[in-house]
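Here's the structure we're looking at; comments come further down.
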Amino acid sequence: MSHDSTTAPNFIRNQIRDEIDEGKVDKIVTRFPPEPNGFLHIGHAKSICLNFGLAEQFGGDCHLRFDDTNPAKEEQQYIDAIKADVTWLGFEWAGDVRYASDYFDQLYAWAQHLVREGKAYVDDLTPDEIREYRGTLTEPGKPSPYRERSVEENLELLERMRVGEFAEGDKVLRAKIDMASPNINLRDPILYRIRHAQHHQTGDKWHIYPSYDFTHGQSDAIEGVTHSVCTLEFEDHRPLYEWFLENLPVPCVPRQIEFARLNMNYTLTSKRKLKLLVDNGIVDGWDDPRMPTLSGMRRRGYTPASIRKFCEMIGVTRADGGLVDIAMLYHAIRSDLEDNAPRAMCVLKPLKVVLTNVPEGFEEVYDVKGHPARDDMAPRRIPLTREVWIDRDDFMEEPPKKFFRLAPGKEVRLRNSYVIRCDDVIKNDAGEIEALHCSVDFDTLGKNPEGRKVKGVIHWVSVTHGVPVELRLYDNLFQVELPDKDKDADFLEHLNPESLITLEGVAEPGLKDTAPETRFQFERVGYFCADRYARRDNKLVFNRTVGLKDTWAKMQKKS
RNA sequence: UGGGGUAUAGCCAAGCGGUAAGGCACUGGUUUUUGGUAUCAGCAUGCGCAGGUUCGAAUCCUGCUACCCCAGCCA
């Protein structure tokens, strides 16, 4: 599969290009290695686009490999969701889906190899003791009293760990490297721990599970990965990654390259915290349209292409601590949908307008383009009747200067139809506006009125033909740029109470049988997507992906 | 106070010794039956700071400063 020709330079692309030019590598192999303990989010999209994009650009392969070494946290539902998300984003992994657990036998044999070489040992220290012996950032650690066990004893103990003779926490297998290393990862890192857990792939076969460090590089090597791209926090692990490759008879030597993970304002990308939102029912599941998960964004109406474009826009660097403006994401989806979403009229907050100089039973139908700049999109048929809905926001009884919409005595154009003038405001006993009485200027269809300029154009829907719809207006889940900035303060305090506003609107008749996941631009309002699942009281549900740019609202806010 | 990293505009980011790309955001003009779109123009005498090398430095050297990551039997 191949998309998006724009390939801005970045340090990884440059490096690989140079390696290929110099003949150091022929065909590259990358991999996307998620742990199946949650749903993929926008930060993972950056990694997916990078890894699969690299393979595409240089004619190599990218594998999908689940890093499934911790059965306590992993679930099959996450595996299924992750596969679906990667596919939806538009990428195809080379060969079958892979699992680190596919390599557990080989990993165990390599552990035995290290033991035989005197480079690994079984440690009986408790977790607390191990922590104490490890030292601190500024003080060296000290060797475990079990560090010098014989090869035979280590081998036997390791085997007994494997078959489940010991309780969790009783023993671990450790590499024998350097307890005084300034790099804490090299202070005899743990290779295997005891876990009497059912594993989603291997069932009850194992009672010990390899650590990330003992698994990742070797899995890369087994798969022939050439470039193992990961995030910056693994930088300190690279010496360990390389230590295993040097001390084990691996078939090839991958190189680890780190890049900065994505941080975006108003957004959380901690799987732990996202899971908390889900588990506490603060959002409506992992695919709630307010979630930064790929499945949430899909439901919200984001297109795969817009997410890929966003990832291209933000670039790839080693500079951390940066914060991408979510406006860039909004730009990416707007520009895709501006080009590709058919237009429709939909009234969000209906206000009835009676066209008083039009007879009862009047009906006139307009053929309207599906998209102003594209003729390949199906035209729409829009009926005008005596009563129409307009948006309450398009009328003001006492309009400010430069309000180009409806007001008493003022004129406005009904989009695709006539210019009307507001003659009367009908109110109920409570003084609330119930309807507007307007008159049509019949000499304005498809042409400007004589002798005056009518600047305003508003959208509308026939009362008799419009289809009632539920509209879900989404906004940022958090109202502060950095919801988890305060280390200990509760990020839930920063939730945006208006992240979801539900309205009962009316859409033009052609939308009656809209298929799930169909996207529209509701003219003058925003981009909406028919929900994948929901229908409410047999009504269609449209999720607002993002609003149109609104310079009027901006002007209002300023003054 | 140990180790590993990173600093280019409000934000993201190119740049790799020859005189600061691009995008987002913002500001102003034009077009427009979407206050949308499109389009034009503006937006770093300066690249964390201070020195030095050089005809020439964001790029090389030295010294500072700020921020990020690491003390899970998580990944």
Side-chain angles (χ1 to χ4, degrees), chain A residues 6 8-10 14 33-35 37 67-70 72-73 123 125-127 130-132 134-141 168-174 181-187 189-195 208-209 211-213 215-216 230-239 258 260 262 264-265 271-272 312-332 334-335 338-339 343 345 372-373 402-405 413-417 419 444-448 454-459 521-526 547-555:
Chain A
T6 48
N10 67 49
N14 294 348
E35 184 190 12
N37 66 346
D67 226 332
D68 56 347
T69 58
N70 185 2
K73 290 187 176 170
D123 194 348
L125 254 25
T126 67
I130 286 182
R131 184 168 6 93
E132 284 163 27
R134 185 154 36 219
T136 69
L137 295 178
T138 51
E139 303 161 87
E168 294 189 8
D170 276 4
K171 288 178 167 43
V172 288
L173 183 72
R174 295 231 253 169
S181 172
N183 181 344
I184 288 178
N185 294 303
L186 263 18
R187 319 239 264 231
I190 286 164
L191 271 31
Y192 271 97
R193 69 285 207 200
I194 297 168
R195 286 284 176 279
I208 56 173
Y209 289 91
S211 63
Y212 164 84
D213 286 308
T215 305
H216 203 92
C230 64
T231 43
L232 246 25
E233 68 268 27
F234 293 103
E235 196 159 10
D236 291 342
H237 294 245
R238 192 169 64 222
E258 311 86 14
L262 168 69
M264 188 160 67
N265 55 9
K271 266 200 252 181
R272 204 197 103 239
E312 199 58 50
M313 280 170 75
I314 59 175
V316 178
T317 68
R318 290 174 59 83
D320 55 1
L323 188 66
V324 170
D325 193 339
I326 197 170
M328 285 172 84
L329 216 212
Y330 294 148
H331 170 81
R334 280 197 192 105
S335 75
E338 160 64 25
D339 292 342
R343 308 291 130 115
M345 291 197 286
K402 290 194 175 171
F403 183 77
F404 306 136
R405 307 179 189 182
R413 177 177 292 281
L414 295 181
R415 172 110 173 127
N416 303 307
S417 181
V419 169
T444 56
L445 191 61
K447 61 179 188 182
N448 290 323
V454 174
K455 191 163 167 72
V457 179
I458 64 172
H459 55 99
Q521 182 199 95
F522 289 164
E523 287 186 302
R524 303 208 314 124
V525 179
L548 251 31
K549 276 198 189 167
D550 191 345
T551 50
W552 170 244
K554 202 186 287 176
M555 282 165 64

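Small disclaimer: the values here were computed from a predicted structure and weren't measured. So that the names make sense, note that chain A is the first sequence line, chain B the second, and so on, each numbered from 1.
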For [N] and [X] - does any side-chain N or O of the residue sit under 4.0 Å from the phosphate oxygens OP1/OP2?
| X | N | answer |
| --- | --- | --- |
| A/Arg195 | B/rC74 | yes |
| A/Lys549 | B/rU37 | yes |
| A/His459 | B/rU34 | no |
| A/Thr136 | B/rG2 | no |
| A/Ser211 | B/rC73 | no |
| A/Asn14 | B/rG15 | yes |
| A/Arg334 | B/rG23 | no |

Hey, does [X] reach any base, or is it just sugar-phosphate, or nothing, if we go heavy atoms under 4.0 Å?
| X | answer |
| --- | --- |
| A/Ile190 | base |
| A/Asp236 | base |
| A/Thr231 | nothing |
| A/Phe522 | nothing |
| A/Gly322 | sugar-phosphate |
| A/Pro127 | base |
| A/Lys554 | sugar-phosphate |

- Return the stacking result for B/rG35 and A/Trp552: yes when the ring centres lie under 5.5 Å apart and the planes under 30°, no otherwise. yes
From the set [options], return the single nucleotide nearest to any side-chain atom of [X].
| X | options | answer |
| --- | --- | --- |
| A/Arg134 | B/rG23, B/rA71, B/rU6 | B/rA71 |
| A/Leu137 | B/rC24, B/rC70, B/rA7 | B/rC70 |
| A/Ala327 | B/rA14, B/rA25, B/rA75 | B/rA25 |
| A/Asp320 | B/rC68, B/rC11, B/rC74 | B/rC68 |
| A/Tyr212 | B/rA75, B/rU33, B/rG36 | B/rA75 |
| A/Gln521 | B/rA75, B/rC68, B/rU34 | B/rU34 |

Are [X] and [Y] close enough that some pair of their side-chain heavy atoms sits under 4.5 Å apart?
| X | Y | result |
| --- | --- | --- |
| A/Arg238 | A/Glu258 | yes |
| A/Pro239 | A/Asn185 | no |
| A/Tyr212 | A/Phe234 | yes |

Quote, to the nearest angstrom, the [atom1] distance that separates [N] from [M].
| N | M | atom1 | answer |
| --- | --- | --- | --- |
| B/rC40 | B/rU62 | P | 46 Å |
| B/rC26 | B/rU54 | C1' | 39 Å |
| B/rC64 | B/rG4 | P | 15 Å |
| B/rG52 | B/rA57 | C1' | 11 Å |
| B/rU8 | B/rA50 | P | 16 Å |

- CG of A/Leu173 to CZ of A/Arg193: how many Å apart, nearest 0.5 Å? 12.0 Å
- Message: Treating A/Arg187 as the side-chain partner and A/Ser181 as the backbone partner, does any N or O pair qualify as donor plus acceptor under 3.5 Å?
- Response: yes
- Separation of B/rC12 atom P from A/Ile326 atom CD1, nearest Å, is 15 Å
Polar side-chain contact [X]-[N] base: donor and acceptor under 3.5 Å:
| X | N | value |
| --- | --- | --- |
| A/Arg524 | B/rU34 | no |
| A/Asn183 | B/rG4 | no |
| A/Arg405 | B/rG35 | yes |

- Quick one: classify the glycosidic conformation of B/rG72 as syn or anti, with syn meaning within 90° of 0.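 The base of B/rG72 is oriented syn (glycosidic angle within 90° of 0).
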- Flag the pair A/Lys73 and A/Glu35 as a salt bridge only when some basic side-chain nitrogen lies within less than 4.0 angstrom of an acidic carboxylate oxygen. no
- Pick the nucleotide of RNA chain B nearest each of A/Val457 and A/Arg238; which residue has the one closer to the 5' end? A/Arg238
- Message: Within the 3.5 Å criterion, strictly below it, is a donor on A/Ser335 or A/Glu338 matched to an acceptor on the partner's side chain?
- Response: no
